[in-house]
Amino acid sequence: MPRYLVTSALPYCNGPIHFGHVTGAYLPADVYVRTLRMQGEEVLYVCGGDEHGTAITINAEQEGVPYSEYVSRWRTAIKDTFDRFGIRFDVWSGTSICPEHAATSQEFFRRLDQNGYLQKQSTEQLYCPKDKMFLADRYILGTCYLCGHESARGNECPNCGQELEPLKMKVARCKICGTTPEKRPTLHWYLDLAQLRDEHIGAWFADHPWKPNVTGFIGNQLSQIGLRPITRDMSWGVPVPEDRAGGERGKVLYVWFDAPIGYVSFTQEWARLQGKPDEWKRWWQSEDTRLVHFIGKDNISFHCVIFPSMLFGVKQQYVLPWQVPANEFYNLQGGKFSTSEKRTIPIEDFCARFDPEAARFYLLASAPETADSDWRWEDFQACVNASLADKIGNLVTRILRFLDKNYEGQVPACDDATAAEFERVLLSECGPIGDPAVFVREFKFRRAAEQLVANAVVANVFVDRLAPWTLRKTDPARAGAVLAICCDWIALLARWMVPFMPGKAQAIWEMLGNTGRVEAGGWPELPCAGRWRSLAAGQKLGTVSGLFAKLDDATVAAEVARLGT
RNA sequence: GGCGGUGUAGCUCAGUCGGUAGAGCAGCGGCUUCAUAAGCCGCGCGUCGCCGGUUCAAGUCCGGCCACCGCUACCA
């Protein structure tokens, strides 16, 4: 029996996340996890903040707050977004706060070094004598040697857009104090990716059935990889372990190296909190584990080449990724999401005026699974109004309100013979019924969302055919039986809905008069005659209310106008 | 420059191993009235970006071209 270790890309704690992140790496993972859980699979869902690196130190310094405080603030803000959208991890930590993280990252470094996969090289870098530190690219200002622009950043000129080499920069100066830096040699460690590729990773990648966009993205990158630096001169990060540092000081692991190790260290933290400190090994060092990384396309190289190389290189029986369902990019109304340029949808503001569960559904239905895609407000409106409110929501209210008015708010009786007759109609003549979980397991969330709506339509077709509002006048018992079947179908729908819209699913469950959690009964199999109904005749229905609020044209137009396009 | 992606009905997109082009939305017509004026049924010959090639047969493989976009910076 396999167990599923699911991760979502560790969000970089340097700013808010937006819908693109949510639909790219977090929401699909949450749906996947919820679905597998209901199907009885053993699943662990791991995530947390990626909290080192110079982008963070520079921004924290500009704000004049300690690094730890800066990342803590963003870690909290990002987690708040996940909470609002019902994305639930089994463990949520951060690379700068997880007690296990530094030691585990150092252990990776140590093992890779001992196994001969690291090389040391000395290079010239710019050093600020006043601040007594080597300057990372982003800490260097200077005159662009290509166009003469006077305040080019160390690695890129904002004027001519060219990439720059810091050492060639004219009139360079330290971004912190303005002092002219000097060149000094510095020693760094490099990961020998070519060796790891030739030993195992190349063949492993080639043999694996990846999503087409993953295979395409990696392309011939494997043939070009070589040494990749894994240390930097700075203070914010995991220190190079003393026993391997050879007297070198002030070196930390490069942020890209320690970040994915967070998946491991966060699992260790989770295990300790469970009171079973060795339990993490069962997840990471077992052949039965299926490791699934949900990421965006910019992270494909890391999760399909570099991190697997690290996992393999330590030679500790770590499992390598089983699937990497990478998504493409998600745009906003035809343009990129850009927080700095206000081309975004502020999460808190959105949640105050719209339904986050409806957004969950739309984000999944429009996810960039095979190509870049867009949040379009008009599409969101159509999705909410037509699919959610009219097809699903209205199905629930039309049936339950009818029962409230004419059947004392109870689930009517339906004898076996009548049930068999109606089941034949419902299951074979009212449209294509499908199991959304089949698509979820294939990482086809758009199709899964479509199938969910299609399954609701089946009941609309059924009730239209049998027309209980007419039938009731001549044969109220038979009309009641039609509605009883509909109630059972709605219960089934609620269970299928859980991974997509957990709150709505629970609401429907309770409107049917059920108690407890809707997911408690597990995942429903595709219904087959005589074996799918769950409600007892005479069950008292709960309070019926509308599930989805519709969006009017003016509201949508206002949102589009706010984007200024 | 290099790498990659996309180009299929008005719109958004599916099209697995090559074998007579599909869905949803919008639009048009009809039925129905239980329901958030909701529901159901019917209606789609579109040069599958362009040119050429392979093949009995190509949206689906190969070559070239055009258009738009992204990446080449640890920001999904």
> Step by step, would you call A:S8 with A:Y45 a side chain to side chain donor-acceptor pair (under 3.5 Å)?
Replying inline: CA-CA 8 Å; A:S8 288; A:Y45 185 18; 2.8 Å; yes

> Is a donor on one side and an acceptor on the other found under 3.5 Å between the side chain of A:T397 and the backbone of A:G546?
Replying inline: no

> Is A:K391 reaching over with its side chain to a backbone N or O of A:N460, donor-acceptor style, under 3.5 angstrom?
Replying inline: no

[atom1] gap between [N] and [M], integer Å:
| N | M | atom1 | value |
| --- | --- | --- | --- |
| B:rC3 | B:rA58 | P | 31 Å |
| B:rG49 | B:rC13 | P | 15 Å |
| B:rA38 | B:rU32 | C1' | 12 Å |
| B:rU16 | B:rG4 | C1' | 23 Å |
| B:rU6 | B:rC61 | P | 11 Å |
| B:rG10 | B:rC50 | P | 14 Å |
| B:rC68 | B:rC56 | C1' | 37 Å |
| B:rG7 | B:rA57 | P | 26 Å |

> More 5' along RNA chain B: A:T470 or A:L547, using each one's nearest nucleotide?
Replying inline: A:T470

> Taking the nucleotide of RNA chain B with the closest heavy atom to each, which residue, A:D379 or A:Y254, is nearer the 5' end?
Replying inline: A:D379

Please determine if a side-chain N or O atom of [X] lies less than 4.0 Å away from the OP1 or OP2 oxygen of [N].
| X | N | value |
| --- | --- | --- |
| A:R401 | B:rU36 | yes |
| A:K405 | B:rC34 | no |
| A:K297 | B:rC75 | no |
| A:T370 | B:rA14 | yes |
| A:K550 | B:rA37 | no |

Would you kindly say whether [X] and [Y] are connected by a side-chain donor-acceptor distance under 3.5 Å?
| X | Y | value |
| --- | --- | --- |
| A:S366 | A:Y330 | yes |
| A:Q451 | A:N455 | yes |
| A:T231 | A:H188 | yes |

Considering every strand and a 4.0 Å limit on heavy-atom distances, what is the contact class for [X]: base, sugar-phosphate, or nothing?
| X | value |
| --- | --- |
| A:N14 | nothing |
| A:A55 | base |
| A:F294 | nothing |
| A:V255 | base |
| A:V457 | sugar-phosphate |
| A:A9 | sugar-phosphate |
| A:Y26 | nothing |
| A:Y330 | base |

From [atom1] of [X] over to [atom2] of [N], roughly how many Å is that when rounded to an integer?
| X | N | atom1 | atom2 | value |
| --- | --- | --- | --- | --- |
| A:E450 | B:rA23 | CD | P | 12 Å |
| A:F445 | B:rC13 | CZ | P | 19 Å |
| A:K391 | B:rG39 | NZ | P | 5 Å |
| A:M511 | B:rU36 | CE | C1' | 12 Å |
| A:N460 | B:rU33 | CG | C1' | 14 Å |
| A:R376 | B:rC11 | CZ | C1' | 9 Å |
| A:W469 | B:rG39 | CH2 | P | 12 Å |
| A:N299 | B:rU72 | CG | P | 12 Å |

Consider the side chain of [X], meaning its heavy atoms from C-beta on, and name the nucleotide among [options] that approaches it most closely.
| X | options | value |
| --- | --- | --- |
| A:R398 | B:rC34, B:rC74, B:rU36 | B:rC34 |
| A:D50 | B:rC74, B:rG39, B:rC75 | B:rC74 |
| A:A389 | B:rC75, B:rU36, B:rG39 | B:rU36 |

[N]: pairing nucleotide in any strand, Watson-Crick or G-U under 3.5 angstrom:
| N | result |
| --- | --- |
| B:rC48 | none |
| B:rG18 | none |
| B:rG4 | B:rC69 |
| B:rA23 | B:rU12 |
| B:rC74 | none |
| B:rC61 | B:rG53 |
| B:rG29 | B:rC41 |

> Within a reach of under 6.0 Å around CZ of A:R88, are more than 12 heavy atoms found that belong to other residues, nucleotides or ligands?
Replying inline: no

>> Between B:rC34 and A:F402, is there a base-stacking contact, meaning the centre of the base's six-membered ring lies under 5.5 Å from the residue's ring centre while the planes stay under 30° apart?
In response: no

> Within 45 degrees of the axis of the six-membered ring of A:Y254 and under 6.0 Å from its centre: does A:R232 put its NZ or CZ there?
Replying inline: yes

> Do the side chains of A:Y12 and A:W74 get nearer than 4.5 Å, heavy atoms only?
Replying inline: no

>> So, under a plain 3.5 Å distance rule, would you say the side chain of A:N394 forms a donor-acceptor pair with the base of B:rA35?
In response: yes

